[in-house]
Novice: 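Structure provided below as structure tokens; questions to follow.
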Amino acid sequence: MIESLSLLKNFKEMESQKVRVRFAPSPTGPLHIGGVRTALFNYLFAKKNNGDFLLRIEDTDQTRFVPGAENYIMEALEWCGIKVDEGIREGGPHAPYRQSERKAMYKKYADQLVAAGDAYYAFDTPEELDQLRTAAESKGETFTYNAETRVSLCNSLTITEAEVKAKMERGDHYVIRFKMPSNVDVSEVDMIRGLVTFNTDRLDDKVLFKSDGMPTYHLANVVDDHLMEISHVIRGEEWLPSMPLHVLLYEKLGWKHPRFAHLPLILKPVGKGKLSKRDGDKMGFPVFPLLWTDPFTGEISKGYREDGYFPDAFVNMLAFLGWNPGTEQEIFSMDELIKAFDLERVGKSGSKFDPEKTKWFNHQYMLRKPDSEVAGLFKEFLAGRGITCDDSYIQRVVSMIKERAVFIPDLWAQGSYFFEEPSEYDEQSIKKRWKEGVPQMMSEIGDVLSSFDGTWEASSIKECFSEFMNSKGWGFGLVMNAFRICIVGAAMGPDLFEICEMIGKEETLQRIDKAVKTIVL
RNA sequence: GGCGCGUUCUUCUAACGGUUAGGAAGUCGGAUUCUCAUUCCGAAAAUAGCAGUUCGAUUCUGCUACGCGCUACCA
């Protein structure tokens, strides 16, 4: 009874608060597909609950700034169809949305924690700490800045107030560290994993505020999430260990903390570990949504967009990495994903990335997209090869061959013969189908078709062809395949008579003629 | 090492105490077809291990193993 009452209370609380989530990447390079998925899940959750999706750039580490990365992130989200409600481009009531531009806001909260005794100034230099770490390591131990060690280090807990003041006036570098309380069990419900408990004795005194005047991730994300009225923090599993720190920070700052959900990781297709850029290079699939050129090394990484994937197929595939609707439906538009999405249906375990399934999704989208849409894309591709032609012609080609294509360029590989005569003839097909006597047969068929004076359309061409075949008593299989080689250049493609109709009588006769002259037995 | 999280066919996963453990990708058959591709049928393929709770465990608990994550003045 008490339990259901408190549940009811929670429910009411939830209801009264508007859902606001954020995607908060660090602009240190191109956005990895794991990051895109995090953004997607945040977006889906927000839209499902009529909430807002914010984009906040976490650039508190100036040493890791990469030019172009921020822009890349926004372009990638845009390509995916993930619309930002508040962000650095869109603006919003909590601007600025770049942490480096919010720099002035953080110190106040760090000082507030120090004043309340929940944080302290520490003057130990990075070099001193490094030394302690390597010394501990050589003894097979790990150095941790915590309740045990802070009493013998240089900080405002161990030196007098006057000394602290003197050091600061002298301009000594210092950081502000969180004073992790001792032996407290911090329990928090993760929306995906359930109740998770950590004991503070195993945690360290994290730096909250760096000596360069910037907050660390921990402080900045808590302050900003509070100020920006974030209701749910949905992020990667790698953040789970810092959840207790964040919960404590909210508590000490006197704030209500958002709900947390930690997403499982995306793993390598083969072997162990999380997906990395290397896996893509090695196995030939993109790991990034968009092509990326490293501004320092010039190194190029493939992108899904440039590799010909449809953004909606890419998003559909991503949604199914760690989430499933519980039904047998697999193809979902963004709107359908929004309707169906539920954090409770996000799995707990990491999923291996499957490049093959991604292709399958793309093929499904190729099949389902209207011919006109695919034709528009294919038209661009053709234009790139200097081929221009009628929209309706392209559309008809698309309708005939898209079922055998995964990507737009496949339409060319599967249908170039609709636009130009074969430049070469497939060796395998010739070996199998271009037999003794075939050239003569082809010539005769050419003659028959040449004198054919009915309407040049598939059904009548077929009729004429069949009549002639019957009169000759030739094997349909043998002749048709050879004929196909003349027209297409290989043993592939849709109905041959339809192809003849499409390319026209002149072209058909010319190709027969060329094949007979060119192909050697 | 410490802490945390995880573990169902090769892969993505369903089954939130009772099913012949279901679907999808891939693979292999077969049907259709002038060919290729589609499409349609079919096949092989899984609850990490050991205890416990229970009339009954994939499902709950514990231990073991394995995997992953975190353990920076990086996010």
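A, B, ... follow the sequence lines: proteins, then strands. Residue 1 opens every chain. Atoms considered below: every heavy atom in the structure, side chains included; atoms not considered: hydrogens, waters and symmetry mates.
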Novice: Contact class for A/Ser242 vs. all strands (heavy atom < 4.0 Å): base, sugar-phosphate, or nothing?
Specialist: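 Touches nothing.
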
Novice: Indicate whether OP1 or OP2 belonging to B/C73 is found under 4.0 Å from a side-chain N or O atom of A/Arg177.
Specialist: yes

Novice: Within the structure shown, what part of the strands sits under 4.0 Å from A/Lys274 by heavy-atom distance: base, sugar-phosphate, or nothing?
Specialist: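 Sugar-phosphate contact only.
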
Novice: Using a 4.0 Å heavy-atom cut-off across all strands, classify A/Asp124 as base, sugar-phosphate, or nothing.
Specialist: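 Result for A/Asp124 = base.
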
Novice: Any idea which of B/U35, B/A25, B/A75 is nearest the A/Glu356 side chain?
Specialist: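 Of the candidates, B/A25 comes closest.
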
Novice: Could you check whether the side chain of A/Arg484 and the base of B/C34 have a donor-acceptor pair of N or O atoms closer than 3.5 Å, going by distance alone?
Specialist: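 Indeed there is one.
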
Novice: Does A/Gly273 reach a base, just sugar-phosphate, or nothing at all? Heavy atoms under 4.0 Å.
Specialist: sugar-phosphate

Novice: Side chain of A/Lys357 only, heavy atoms from C-beta on: which candidate in B/A24, B/U35, B/C12 is closest?
Specialist: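 Nearest to the side chain of A/Lys357 among the choices is B/A24.
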
Novice: Report which part of the nucleic acid A/Asp495 touches: base, sugar-phosphate, or nothing (heavy-atom distance under 4.0 Å, all strands).
Specialist: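 Since a base atom lies under 4.0 Å of A/Asp495, the category is base.
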
Novice: By the 4.0 Å heavy-atom rule, please label A/Arg193 as base, sugar-phosphate, or nothing.
Specialist: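 Touches sugar-phosphate only.
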
Novice: Below 4.0 angstrom, which residues in residues 136-147 of chain A have at least one non-hydrogen atom near RNA chain B?
Specialist: A/Thr142

Novice: Under 4.0 Å, heavy atom to any atom of RNA chain B: which of residues 318-326 of chain A qualify?
Specialist: A/Phe320, A/Gly322, A/Asn324

